[in-house]
Q: 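The structure under discussion is supplied below as structure tokens; questions concerning it will follow.
Computed from heavy atoms alone, side chains included, the values below leave out hydrogens, waters and symmetry copies. Chain letters run A, B, ... following the sequence lines, proteins first, then strands; residues in each count from 1.
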2 protein chains.
Amino acid sequence: MSQADTVTRILDSAEELFAEKGFAETSLRMITTRAKVNLAAVNYHFGSKKDLIQAVFARFLSPFCSKLDKELTVMAAAVQEPSLHDVLDVLARTMLTGVHSTVGTRKLSVFMRLLGLAYTQAQGHLRRFLKEHYHQTYSRFILYLRAAHPELSPREIFWRIHFAIGACVFTMSSIEVLRDMSMADTGEDSGVEDVMNQLIPFLAAALER
Amino acid sequence: MSQADTVTRILDSAEELFAEKGFAETSLRMITTRAKVNLAAVNYHFGSKKDLIQAVFARFLSPFCSKLDKELTVMAAAVQEPSLHDVLDVLARTMLTGVHSTVGTRKLSVFMRLLGLAYTQAQGHLRRFLKEHYHQTYSRFILYLRAAHPELSPREIFWRIHFAIGACVFTMSSIEVLRDMSMADTGEDSGVEDVMNQLIPFLAAALER
DNA sequence: TCTCGTTTTAAACGGTCGTTTTAAACAATC
DNA sequence: GATTGTTTAAAACGACCGTTTAAAACGAGA
């Protein structure tokens, strides 16, 4: 088994388990068992559990932000004054395509769940890591939003977009629980696609009011 | 120190720490140290950590659901066909008043954060506990929502209300992080009240579209 | 005051955690 | 084929976890 195999298998297992259980509830022994590698491999290849957490985020956020940056540049070149719809469309398309490509197919729900953990479970080290590496792309994205609605204050823009992120992240984070509840309540199953198809107009109405 | 003191102090400390760190990241030793009680007191008074978690939820959800039930009855007696606004208003008022009363003053952000944990960190035992004890009030609330908008399918109602819950829970769960980010982005501080004042019309626009 | 049920205390239990260590297996270079 | 640096393997480390135990302290009723 080559190094790349071992590292990748650890990242794959860690990503799944973190998304499913969170950071503290996932032990290195769970990760290495699922990855079928030796326990010590995590500390050898990554250094520590914290470094592994950061590596898991880096693996999907780095290509995602690169893609988003590129797409934002394409958009800026194509249209004079990008509308809110333009900007959000770039984000949505980047999430759908960028997530599924690059490093194998990654489920959108895993992406969202990890993003949610970054907000709600992040210890200091992860927050600092994310800010240091991805704050630039984030800022650029926010700037386009502001330009699209110059009549709104930066504070209003900030909070509206984070309300929207909250609805997405929460929904996708607890999608299994919610689907169970929906099933119990309404008697009908809701596919993830159905949920997305309702979420988007919901957010559009809230953002564009 | 009387029993009530010990039990209450444990619940207070546990509530704060759970809201701050989550369940797995909070040890009984942290809780008992903060509460200034002996380590064994948790197992003596509550049985186990799981039972303590359930007790923390019960302490704020039981009076909350009682209040909500009562207020829903008042509303139903007052207006023939309650509108969405009527129903949500009952919820909002119950949260603001009911949370702050009953057992001392509890911060709204702690309430929200615990609610969020129930969705995203709930082990099986907590989910079963909440369903068993509070599902009835929840169902009744949902029924009024359906009655207010009979043209929407139960599935649409369910998902819209949970998108809204997501925006609330996520925002209040990571309110400290978000306020820091907002400060860094816009240079202005956003008080919790400011955020609420923006969140409510945001949700209204999304729900009532 | 003595008694007896309740509560608190200090210490220990077995188990799991993240991490380290030491040696073995491997792959590439000469 | 020996040597070197890299990767894997098994075992152990100390630390902390939730829980249990057994004795001490307490408090109300006889």
Q: Mind calculating the distance between CG (A/D51) and P (C/dT20) to the nearest angstrom?
A: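 After rounding, the reported distance stands at 11 Å.
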Q: Salt bridge between B/R59 and B/E15, side-chain N to carboxylate O under 4.0 Å?
A: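 Looking at B/R59 and B/E15, the cut-off is met.
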Q: Does the pair B/R155/A/D194 count as a salt bridge with the N-to-O cut at 4.0 Å?
A: yes
Q: Indicate whether any N or O donor in one side chain lies under 3.5 Å from an N or O acceptor in the other, for A/D185 and B/Y138.
A: yes
Q: Can you tell me the distance, in whole Å, between the CD1 atom of A/I53 and the P atom of C/dC17?
A: 15 Å
Q: Answer yes or no: does a side-chain N or O of B/H45 lie under 4.0 Å from OP1 or OP2 of C/dT8?
A: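 For C/dT8, OP1/OP2 do have a side-chain N/O of B/H45 under 4.0 Å.
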Q: When you look at NE2 of B/H125, are more than 12 heavy atoms from neighbouring residues, nucleotides or ligands closer to it than 6.0 Å?
A: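 Yes, the 6.0 Å shell around NE2 holds more than 12 heavy atoms from other groups.
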Q: Send over the distance from A/N38 CG to C/dA23 P, rounded to a whole Å.
A: 16 Å
Q: Tell me whether B/R9 is salt-bridged to B/D5, with the criterion being a basic N under 4.0 Å from an acidic carboxylate O.
A: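 Between B/D5 and B/R9 there is no salt bridge, as every charged N stays at least 4.0 Å from the carboxylate O atoms.
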Q: Please set out all donor-acceptor pairs under 3.5 angstrom arising from side-chain atoms of residues 157-165 of chain A, sequence neighbours excluded.
A:
from, atom 1, to, atom 2, distance (Å)
A/W159, NE1, B/S190, OG, 3.1
A/R160, NH1, A/L207, O, 3.2
A/H162, ND1, A/F158, O, 3.0
A/H162, NE2, A/Y119, OH, 3.4

Q: Walk along nucleotides 17-24 of chain D from 5' to 3' and tag each nucleotide B, S or - by protein heavy-atom contact under 4.0 Å, base first, then sugar-phosphate.
A: BBBB----
